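Quick caveat, the model's predicted, so the values are computed rather than measured.
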Amino acid sequence: MSIPHLSLQDARHLQLAAQGLLTPRRAKAAPSDLLDCIRRMALLQIDTISVVARSPYLVLFSRLGHYDPRWLEQLLAEGDLFEYWAHEACFVPREDYRLLRHRMLDPAAMGWKFSAQWLKTHGGEIEQIVERIRRDGPVRAADFERKEGKGNGWWDWKPEKRHLEVLFTAGRLMVRERRNFQRVYDLAERVMPEWNDERDLPSPELAQRDMVRASCRALGLVKTGWVADYYRLRRGKYDALLHQLADEGELLPVRVEGWQHGAFVHASLSDELARAQAGSLKATHTAVLSPFDPLVWDRKRASELFGFDYRIECYTPAPKRQYGYFVLPLLRRGQLVGRLDAKAHRKEGVFEVKSLYLEQGVRVSASLAQDLEKALQKLAQWHQTPQLRLGAMPSPLQALWPTPRP
């Protein structure tokens, strides 16, 4: 059987199809669609920055269109999702708890996310928190008063917050729900009462294999160098495992123009692969993406597949930023065509585009301007900031920008 040869654009389309970003959704989203969408991606990264909608909500909007953000919180509270360190902090489908349980049992391997010294030094206080939760029920970090003045940033946590996070990383506590996006912690045995380590825990090797399988399914088209990043697995050679999965029929070997090494398409995309070979797999979706969208969170993959060099600048000092604080990639019909620095002014009902940049080589046309304007207007409406305020953008694009709607 001959190995299919694909253009780079075909490869992009296959990954977009796997991620739910190839074509716009036609039907109105329902709560069950959120869970299906997260299962499709395997992971939904969490971030607290809220200059526009927080990242997990924006990732879902990019795929589903208008929906009620409260549905995500309901999925967590009802136990369909749980939170843990996967790519980074992520919402994960409940059935994949088994994949990440080994990290909880060996938290010392989690780097800055866990401190054995903190646990040793504050063991008594930490056990008191566990007993308080056991006796009185779930808690938030906000339920503990800071004793030494106001904090000075994300990592200047009060001791009780650190205690809760150590317990969370070690798997003794889980997030029961979120209130105003704040974690509410409860005992793991109350959140996952059906779980039993002795009965349900897979071997580390099987868990890793299944994380690789989930990564391949979520990405749709993969190279061996992309596999580790999705779940933050150890860097290494995954060639043998991918070829084994191909032998078992789960992956389909392909060749992509310009790539020295082979690639694989997940078997769930066999129909899309056939359409790509026939020249009929087209991308028609335009969307504003989160900086933490799975499509772009791996900088190397985004560069190799889309020619898009993307670095998140919110953690960069302001004078050193090239584009802005929370810059959103622009997906248009199978290409990452630009990025924008935006802010939702919720009280004023204004969605401000501070600046919009196009990638080098992007051809400016009336259809490009129309697609981007439509995507931005939909995003602004969903934010309940319907007035779109435009700042700097390339003059050729501005000249073709559609007349604002009344």
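The residues R232 and E88 are annotated as salt-bridged, a charged nitrogen and a carboxylate oxygen being separated by less than 4.0 angstrom. No salt bridge links E165 with K113; every basic N to acidic carboxylate O contact stays at or beyond 4.0 Å. Under a 4.0 Å N-O distance rule, the pair D80/R94 does not qualify as a salt bridge. A salt bridge between K320 and E313 is absent, with no side-chain N of the basic residue lying under 4.0 Å from a carboxylate O of the acidic one. Under 4.0 Å is where a charged nitrogen must lie from a carboxylate oxygen, and between R25 and D33 at least one such pair does. Using a 4.0 Å cut-off between charged side-chain N and carboxylate O, E304 and R299 make no salt bridge. A salt bridge links R101 and D197; the closest N-O separation between the charged side-chain nitrogens and carboxylate oxygens is under 4.0 Å. In this structure, R213 pairs ionically with D210, as a charged nitrogen and a carboxylate oxygen lie closer than 4.0 Å. By the 4.0 Å N-to-carboxylate-O rule, R162 lies too far from E160 to be salt-bridged with it.
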Worked verdict on E248 versus R209 for salt bridge (charged side-chain N to carboxylate O under 4.0 Å, His left out)
CA-CA 13 Å; E248 295 169 1; R209 173 187 166 91; 2.7 Å; yes
List the steps and the verdict of salt bridge (charged side-chain N to carboxylate O under 4.0 Å, His left out) for D143 and R140.
CA-CA 5 Å; D143 294 331; R140 302 169 302 156; 3.1 Å; yes
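Between the side chains of S55 and Y57, no donor N or O sits under 3.5 Å from an acceptor N or O. Checked by atom type, the side-chain pair Q9/R12 shows a donor-acceptor distance below 3.5 Å.
Between Y323 and Y357, the gap from one ring centroid to the other is short of 6.0 Å. Between W226 and W259, a ring centre-to-centre spacing shorter than 6.0 Å is recorded.
The cationic group of R54 lies under 6.0 Å from the six-membered ring centre of F181 and within 45° of the ring axis, placing it in a cation-pi geometry.
In this pair, F168 and Y185 present their aromatic rings perpendicular. The plane angle is above 60°, beyond the 30 to 60° band.
The backbone N or O of L8 lies less than 3.5 Å from a partner atom in the side chain of E257, making a donor-acceptor pair. Panel note: side chain R134, backbone L187; no donor-acceptor pair is recorded below 3.5 Å. For D47 (side chain) and I49 (main-chain N/O), a donor-acceptor pair under 3.5 Å exists by modelled atom type.
Qualifying salt bridge (charged side-chain N to carboxylate O under 4.0 Å, His left out) partners for D68, counting only residues two or more places apart in sequence or in other chains: R70.
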